[in-house]
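Reviewing the structure listed below.
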Amino acid sequence: MRRRRLLQGLTAAAGAPLLSAAAAPAAAGPARSPAWRQGPPTLTPADLRFPAVSRPLRRGRPGEAGLIAEHVERIADEAEVFLTPGPGRPAPSFPGFTLIAVRDGVIVSHEARGHAVRYASWDEAGGAPVELPADQWVPMAEDTVFDLASVSKLFTATVAAQLAEQGALDLDAPVVRYLPEFAGTDPAKAPITVRQLLVHRSGLVSWVNLWSLPDNEARLAAIWSSALTRPPGAGYEYSDLNLITLATVMERVTGAPLDALVAERVTGPLGLTDTMYNPPESLLPRVAATEYQPATGRGMIRGSVHDENAWAFGGVAGHAGLFSTAADLAVFCQLLADGGQYDGTRVLSEDTVRAVLTDHNADIGASPRGLGWQVDQRSYMDALCSPVTAGHTGYTGTCVTVDPVERTVLVMLTNRVHPTRSWGTDSVYRRMPARAFARALPVRPVSGATAWFAGTADAATATLTAPLSGLDRAGLATFRLWYDTEPAHDMGAFEASADGGGTWRPVPLGLRAGQWRWDTDGSFTGWSGRRWLHATAALPAGTTHIRWSYRTDRDYQGRGVHLDAIRVTRGPRVVFDDSRPRDAARLAAEGWSRGRG
């Protein structure tokens with residue numbers, strides 16, 4: 001019963017393929033089975049198969065992880081851009097950063113740039129930072145320790161998932177079973193479940209000023225007495241109070257404080273020696289500074305948790321308080337990519353990981369949430385996004401992203417709030433390194449050495465046009481198509497013209513991959529299984545040109561659109577074939593380019 005409640009109906013057969021037919025590599029030629037599955041391929045956590053053996057992370061070259069080196073080299077460069085002002089950002093987004101990119105257990109990039117400490121304070125009247133003397137600036141290092149802010153929630157959630165797996169915690173039980181005082185005087189809180197805390201559907205308010213209250217008893221009482229914003233389960237609202245409450249539940253269940261639970265169940269078994277609450281003074285030289293905070297009487301904060309409420313709780317809280325390094329977080333994230341184990345140590349079962357990766361808010365169409373983790377969040381995952389990509393951000397400028405499909409991990413840690421939170425807040429600084437990393441994942445041509453790629457520029461239109469001649473009768477266009485785009489916002493299309501390219505109309509497409517088959521009006525968008533599709537389209541007599549277009553909005557990307565093996569026939573006659581040099585030379589590309597992957 002406990003197992004069934006935890007998984008919420010998820011099933012995953014032992015030994016199932018890494019991906020279902022939805023995302024397995026496309027077979028050459030038509031599918032042999034007549035049992036077609038209608039619609040674009042799908043991907044759920046139940047489709048995932050994790051590696052039988054998890055090995056420790058190791059440094060290696062991009063080629064060892066099957067990546068394109070030139071794009072791996074761009075990952076840190078894309079982050080470095082935000083060390084200085086630029087278009088749309090009058091101030092730097094952060095003073096410094098450290099990042100790690102991993103694929104298949106190989107660390108292909110581990111870099112640190114900028115400064116961990118640069119400012120003495122913030123001049124509120126002048127609206128400007130007060131810099132330290134240059135000889136007191138502390139450069140960022142690969143082992144710099146960062147205040148994780150809300151990324152701390154993932155460790156709290158991992159302990160909760162483990163307790164649920166072991167039967168010590170029922171995620172679908174009301175919180176009041178464990179904390180009778182939680183409902184306070186409001187009976188409307190009585191139905192709130194532990195799971196609703198994890199997925200932010202409890203109805204608790206997003207934030208309450210707890211740090212100005214006299215003690216922890218008063219702080220918890222303020223949460224228990226706070227009014228609900230909506231009935232439990234009815235909607236989504238991200239709230240630190242959810243994870244503060246969850247930590248209190250776990251402490252009540254186990255009789256141990258949160259920091260001990262995290263150390264005994266997560267950081268200790270994984271060997272994360274640089275991950276802790278309240279780092280000791282001896283570690284201070286390695287800690288990145290955060291914010292100048294005169295309101296709390298702390299001045300420039302370094303080595304103490306930035307979040308005021310977590311600070312008031314003594315630096316240990318369910319929503320914030322952990323400090324860590326990029327290297328430690330890479331191991332923690334690899335745990336998820338490897339199905340709950342790392343280097344011989346199992347922390348969660350594979351089925352629990354599948355439950356963690358499931359969107360538990362799908363029924364209300366709200367922000368996709370796994371058990372504590374965010375899933376499918378393009379706002380910072382960008383082109384690394386998939387239906388099962390998981391991660392989280394932190395207010396201080398931290399971010400982790402895990403794609404178990406490609407077994408990629410990206411950790412990006414910044415001190416964005418140094419010296420003030422009023423500087424760069426847009427997640428574009430998180431998206432651009434993620435986009436470069438995604439571009440390093442090759443899409444190999446179907447035929448020949450190169451294929452067409454539409455690029456991943458924001459607010460752009462790319463077109464690839466082929467002139468046709470001799471199509472006096474109806475013809476047939478066939479080509480191979482690979483697409484992975486921001487759903488509904490970044491659109492690809494196949495179009496035709498009968499007047500020399502003056503006007504265009506969409507041409508209906510038939511698409512298939514493996515056992516999947518579906519028809520479109522000529523447009524395509526979203527997830528297609530990250531695989532080459534077979535595309536066919538009937539062309540009317542008199543067609544003079546065909547073209548492929550890709551139009552993007554100003555935010556977010558997928559891995560884009562690729563095209564190969566273009567062929568147009570009229571009966572037995574070949575009208576156009578891009579494998580023929582004379583036809584390939586006639587293609588007009590605007591924004592498209594040919595590449596090897």
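Numbering of residues begins at 1 and proceeds along the displayed sequence.
A tilted orientation is assigned to the rings of His392 and Tyr238, their planes being inclined by 30° to 60°. Taking the six-membered ring for Trp and thresholds of 30 and 60 degrees, Phe94 and Phe82 have ring planes inclined between 30 and 60 degrees apart.
For Glu111, the side-chain contact (heavy atoms from CB on, under 4.5 Å) partners two or more places apart in sequence, or in a different chain, are Ala76, Ser109, Arg113. Taking Trp122 as the reference, Trp423 meet the ring pair (Phe, Tyr, Trp, His ring centres under 6.0 Å) condition, with sequence neighbours excluded. With sequence neighbours left out, Ala320 forms a side-chain contact (heavy atoms from CB on, under 4.5 Å) with Asp307, Ala310.
No donor-acceptor contact under 3.5 angstrom links the side chains of Asp147 and Thr290, judged on distance only. For the residue pair Thr229 / Glu237, a side-chain donor-acceptor distance below 3.5 Å is found, with atom types taken as modelled. In the model, Arg298 has a side-chain atom that pairs as donor or acceptor with a side-chain atom of Ser304 under 3.5 Å. For the residue pair Thr245/Thr248, the side-chain donor-acceptor check at 3.5 Å is not satisfied. Donor-acceptor pairing under 3.5 Å is recorded for the side chains of Gln162 and Arg265.
Side chains of Val347 and Tyr342 form no contact here, defined as non-hydrogen atoms less than 4.5 Å apart. Between Arg89 and Val81 the shortest side-chain heavy-atom distance falls below 4.5 Å.
The only member of Asp403, Val409, Val72, Leu441 that meets side chain to side chain contact (heavy atoms under 4.5 Å, CB included) when paired with Arg103 is Leu441.
By the 6.0 Å contact criterion, CZ on Arg230 is enclosed, its count of non-hydrogen atoms from other residues, nucleotides or ligands being greater than 12. Heavy-atom contacts from other residues, nucleotides or ligands closer than 6.0 Å to CD of Glu281 number 12 or fewer.
For Tyr483 and Tyr550, the gap between ring centers reaches or exceeds 6.0 Å.
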Candidate pair Ser367 and Gln377, rule side-chain hydrogen bond (donor to acceptor under 3.5 Å, both in side chains), full reasoning: CA-CA 8 Å; Ser367 177; Gln377 298 275 339; 2.9 Å; yes
Verdict with supporting geometry, Tyr119 and Tyr292, ring-ring contact (aromatic ring centres under 6.0 Å, His included): CA-CA 9 Å; Tyr119 302 102; Tyr292 179 64; over 10 Å; no
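A cation-pi contact links Arg416 to Tyr395, judged by a cut-off of 6.0 Å to the six-membered ring centre and 45° from its axis.
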